[in-house]
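Keep in mind that the numbers below use all heavy atoms, side chains included, and drop hydrogens, waters and symmetry copies.
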Amino acid sequence: MQITLELPDSIARNLAPDQQSLSRAAIEALAIEGVRSGKLSAGEARRLLGFNTRMQVDAFLQDHSVDSDVTIKDVERDAETSRRFREQCLSSPTPRLLTTSS
């Protein structure tokens, strides 16, 4: 869905230096308020913000002093993603173990 906002130029300039930055600021504000009000889950905010991981959205919300409660739905979705990733790795013709160096 596309949403158009009419803002006076002087206010828009105070909020962000350019249109792209202003659009991002509006999306971030929607995500913050959505989670804060309980209308969005952290998973929905993650998708809205375009983050790839739960850790990214958690850090973003923490930076903006927003507590996000993890719901059963969030945990189930994360578990399903993990299962699919594991199945893909195991079914790959050349499975690899991910390791970290010390």
Side-chain angles (χ1 to χ4, degrees):
M1 174 184 290
Q2 184 172 356
I3 299 172
T4 303
L5 298 173
E6 295 289 329
L7 298 174
D9 289 340
S10 60
I11 291 174
R13 280 191 299 273
N14 287 340
L15 294 172
D18 56 52
Q19 186 174 354
Q20 185 174 0
S21 298
L22 186 57
S23 292
R24 181 64 187 182
I27 288 171
E28 289 178 357
L30 283 170
I32 290 166
E33 182 54 31
V35 172
R36 186 174 283 141
S37 68
K39 293 180 180 178
L40 291 179
S41 69
E44 290 168 327
R46 179 186 57 77
R47 290 192 307 277
L48 177 62
L49 294 165
F51 292 151
N52 294 319
T53 68
R54 175 71 189 224
M55 291 182 295
Q56 289 173 303
V57 76
D58 286 346
F60 173 83
L61 293 172
Q62 186 177 19
D63 287 346
H64 292 86
S65 303
V66 178
D67 292 325
S68 66
D69 295 328
V70 177
T71 66
I72 296 290
K73 186 178 177 181
D74 293 331
V75 173
E76 288 171 346
R77 187 174 326 131
D78 290 347
E80 179 59 27
T81 300
S82 178
R83 274 191 294 276
R84 279 188 271 131
F85 178 74
R86 184 173 188 273
E87 289 169 4
Q88 286 176 338
C89 288
L90 293 176
S91 67
S92 171
T94 55
R96 295 182 295 161
L97 294 176
L98 299 177
T99 59
T100 58
S101 58
S102 303

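Listed here is the closest heavy atom pair of A42 and L61: CB-CD1, 4.4 Å. Residues A45 and V35 share a closest heavy-atom pair of CB-CG2, 3.6 Å.
Ion pair R83/E80 flagged as a salt bridge, since at least one NZ, NE, NH1 or NH2 atom sits closer than 4.0 Å to an Asp/Glu carboxylate oxygen.
Residues passing the side chain to side chain donor-acceptor pair (under 3.5 Å) test with R86: none are found, sequence neighbours excluded. T81 pairs by the side-chain contact (heavy atoms from CB on, under 4.5 Å) definition with R84, not counting sequence neighbours. Contacts of Q62 classified as side-chain contact (heavy atoms from CB on, under 4.5 Å), with partners at least two apart in sequence or in another chain: none. Remark: I27 engages L48, L49 in a side-chain contact (heavy atoms from CB on, under 4.5 Å) (not counting sequence neighbours). A search for side-chain contact (heavy atoms from CB on, under 4.5 Å) contacts involving A16 returns S21, L22, not counting sequence neighbours.
Sorted by first and then second residue, the salt bridge (charged side-chain N to carboxylate O under 4.0 Å, His left out) pairs with a member in residues 20-45 read R24-E28; sequence neighbours excluded. Listed by first then second residue, pairs satisfying ring pair (Phe, Tyr, Trp, His ring centres under 6.0 Å) with a partner in residues 17-42 number zero, not counting sequence neighbours. Within the structure, the ring pair (Phe, Tyr, Trp, His ring centres under 6.0 Å) test picks out the following pairs touching residues 7-55 (sequence neighbours left out): F51-F60. Every pair tested for side chain to side chain donor-acceptor pair (under 3.5 Å) that includes a residue from residues 5-16 fails, sequence neighbours excluded, so the list is empty.
Expressed to the nearest 0.5 Å, how far CZ of R46 lies from CZ of R77 amounts to 7.0 Å.
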